[in-house]
Protein chains: 2
Amino acid sequence: MSASPHSLPLELGAVGAASARVADYLREAILGGEIGPGDRIRQEDIAERFGTSRLPVREALRILEAEGLTEHEPNKGARVPKLTMHEVDVIYQMRERLEPLALTESLAHLSEQDLRRLDQVQSRIEANTDVNSFLALDREFHLLTYSGCHIDPLTSMVRRLWNSTQHYRRAFVSLGGPGRMWVINAEHRLVLDAIERLDPVDAERYLSGHIRRTRIELDRHPEVFEGRQR
Amino acid sequence: MSASPHSLPLELGAVGAASARVADYLREAILGGEIGPGDRIRQEDIAERFGTSRLPVREALRILEAEGLTEHEPNKGARVPKLTMHEVDVIYQMRERLEPLALTESLAHLSEQDLRRLDQVQSRIEANTDVNSFLALDREFHLLTYSGCHIDPLTSMVRRLWNSTQHYRRAFVSLGGPGRMWVINAEHRLVLDAIERLDPVDAERYLSGHIRRTRIELDRHPEVFEGRQR
DNA sequence: TGACACACGACTGGATCCAATTTCTACCCC
DNA sequence: GGGGTAGAAATTGGATCCAGTCGTGTGTCA
């Protein structure tokens with residue numbers, strides 16, 4: 001059930017030794033869709049499955065809470081938060097405003113190798129036909145463009161916004177596909193071109209437009225937020 | 001500044017877990033300046049001072065880490081992060097982009113009582129002459145304008161940005177005051193007027209301008225970031 | 001006298017045990 | 001038969017104990 005290659009570069013949350021492994025496992029399980037919004041997470045279940053005590057699990061849940069992947073109620077345990085359409089809309093507006101800043105901060109620090117990698121990922125997106133792998137590729141593309149940003153609060157917040165909406169992105173993509181792929185590819189290519197020209201103004205312009213268009217398209221599909229999972 | 005004795009009233013929560021009380025205590029101590037950037041926080045010290053075991057302290061440190069008040073290194077313990085001028089500058093740019101959104105989301109949900117309260121706080125700012133109480137009043141003013149925003153990721157991120165820069169705001173205010181008070185008051189009054197008119201465009205305009213001007217003024221005082229504390 | 005190595009001290013990470021709170025269920029009374 | 005209450009099972013929160021790791025100080029040898 002694990003073994004899903006959601007592993008991305010830039011593992012920033014370098015925390016304790018084994019509690020980080022539990023956090024990694026749970027993170028993959030949530031981002032991979034095995035644990036959905038509303039699902040409860042019992043400490044002892046995870047501890048037993050992992051062969052550890054409940055203590056690392058508790059720490060891991062705190063870490064995930066900081067990343068926006070779980071929510072915590074005293075004496076009630078942890079569960080994956082369920083978001084309304086309006087909440088997801090506002091989160092996309094936050095992305096619209098924050099990610100262009102992260103991109104500008106990242107621009108000057110991107111290496112030649114990063115640019116080549118970005119081009120490869122975008123080419124794979126264009127050649128791709130599977131909706132599920134589009135999810136991972138798109139995520140990799142965007143987070144890679146921010147990998148040159150070394151301002152910790154900014155990168156961690158961007159990551160958190162992606163994490164919080166991952167489930168609804170998958171639901172959206174599964175229900176009719178991500179939309180017209182040529183639009184997405186054109187937007188990505190324009191962002192890439194601006195990055196290569198080291199032009200922060202154009203980079204921010206095309207990136208915010210890309211996110212905004214996605215948000216508006218998402219707003220037209222309320223069924224994404226009513227789907228019963230599991 | 002205030003050298004050492006960590007003596008704060010710790011009567012915040014009769015309810016909830018004990019780890020939340022420890023977190024409250026540490027949060028106040030950091031925001032109040034008793035624990036400054038670079039200071040190390042030893043689990044056993046806090047536990048002994050609080051009469052509990054180290055476990056709630058560990059959980060509290062995780063909570064504070066999520067709020068951006070501490071940073072954690074494996075086997076090295078927790079310390080209050082020390083920010084560079086550029087990092088604070090970027091955090092202010094994040095505020096410039098995020099807080100107007102929070103204000104727009106908040107607008108429709110502000111009650112008449114909130115508006116009266118805001119007017120009172122602003123009047124107290126205008127009548128105030130003490131630089132230290134300005135810090136608290138200004139924080140109260142802005143966070144109050146966002147109190148109608150019920151999108152959890154947004155409010156928690158705004159609060160985190162305020163927390164992270166609190167120490168440098170105090171250092172800035174202490175070193176020569178917050179600048180020309182009439183400018184600040186004019187900006188606040190314009191934001192308030194836009195709020196009362198329920199005009200999100202003007203509210204965002206004047207708020208982002210207020211934050212942007214503060215950021216640029218802060219950039220002219222690099223001595224804020226070189227101050228040796230303790 | 002200086003540099004390297006070993007040992008000791010201090011601190012964090014993890015496991016097990018115990019207490020407190022919640023929730024579900026069953027039973028009793030109206 | 002329905003609702004409320006008490007009790008039992010399940011689950012989380014906290015304390016104590018033990019292990020692992022990092023840093024430091026001292027001692028010895030070249």
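To find a chain, count down the sequence lines: A is the first, B the second, and so on, and within it residues start at 1.
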- Task: Tell me which nucleotide among D:dG14, C:dT21, C:dA15 gets nearest to the side chain of A:Asn75.
- Result: C:dT21
- Query: Between A:Lys76 and C:dT23, is there a side-chain N or O to OP1/OP2 distance below 4.0 Å?
  - Reply: yes
- Query: What about B:Arg54, does its side chain sit under 3.5 Å from the base of C:dG13 through a donor-acceptor pair?
  - Reply: yes
- Rounded to the nearest Å, what distance is computed from the CD atom of residue A:Glu59 to the P atom of nucleotide D:dT12? 16 Å
- Query: Between C:dT12, D:dA15, D:dT12, which one does the side chain of A:Arg40 approach most closely?
  - Reply: D:dT12
- Task: Check whether any side-chain heavy atom of A:Val80 sits under 4.5 Å from a side-chain heavy atom of A:His167, and report yes or no.
- Result: no
- Task: Quick one: label A:Leu61 by what it contacts on the DNA or RNA (base, sugar-phosphate, nothing), any heavy atom closer than 4.0 Å.
- Result: nothing
- Message: So, applying salt bridge (charged side-chain N to carboxylate O under 4.0 Å, His left out) with A:Glu67, which one of A:Arg159, A:Arg160, A:Arg27, A:Arg62 is it?
- Response: A:Arg27
- Task: Map B:Leu55 and B:Asp45 onto DNA chain C by nearest heavy atom, then report which one ends up closer to the 5' terminus.
- Result: B:Asp45
- Would you call A:Arg215 and A:Asp89 a salt bridge, using N to O less than 4.0 angstrom? yes
- In whole angstrom, what separates A:Phe50's CZ from C:dG14's C1'? 15 Å
- Query: Taking CD from B:Glu48 and C1' from D:dA15, how many angstroms apart are they, rounded to a whole number?
  - Reply: 15 Å
- Message: Check the phosphate of C:dA10 against B:Gln43, side-chain N and O only, distance under 4.0 Å to OP1 or OP2. Yes or no?
- Response: no
- Item | Among B:Gln122, B:Glu112, B:Glu140, the one residue meeting side-chain hydrogen bond (donor to acceptor under 3.5 Å, both in side chains) with B:Arg117 | B:Glu140
- Message: Classify B:Arg42 by what it touches in the nucleic acid, base, sugar-phosphate, or nothing, heavy-atom distance under 4.0 Å.
- Response: sugar-phosphate
- Message: When you measure from the side chain of B:Thr165 to the backbone of B:Leu161, do you find a donor-acceptor pair of N or O atoms at a distance under 3.5 Å?
- Response: yes
- For the base of D:dG14, is there a side-chain donor-acceptor partner from A:Arg58 under 3.5 Å away? yes
- Item | d(CZ, B:Arg62; P, C:dG14) in whole Å | 8 Å
- Task: Indicate whether OP1 or OP2 belonging to C:dC11 is found under 4.0 Å from a side-chain N or O atom of B:His72.
- Result: no
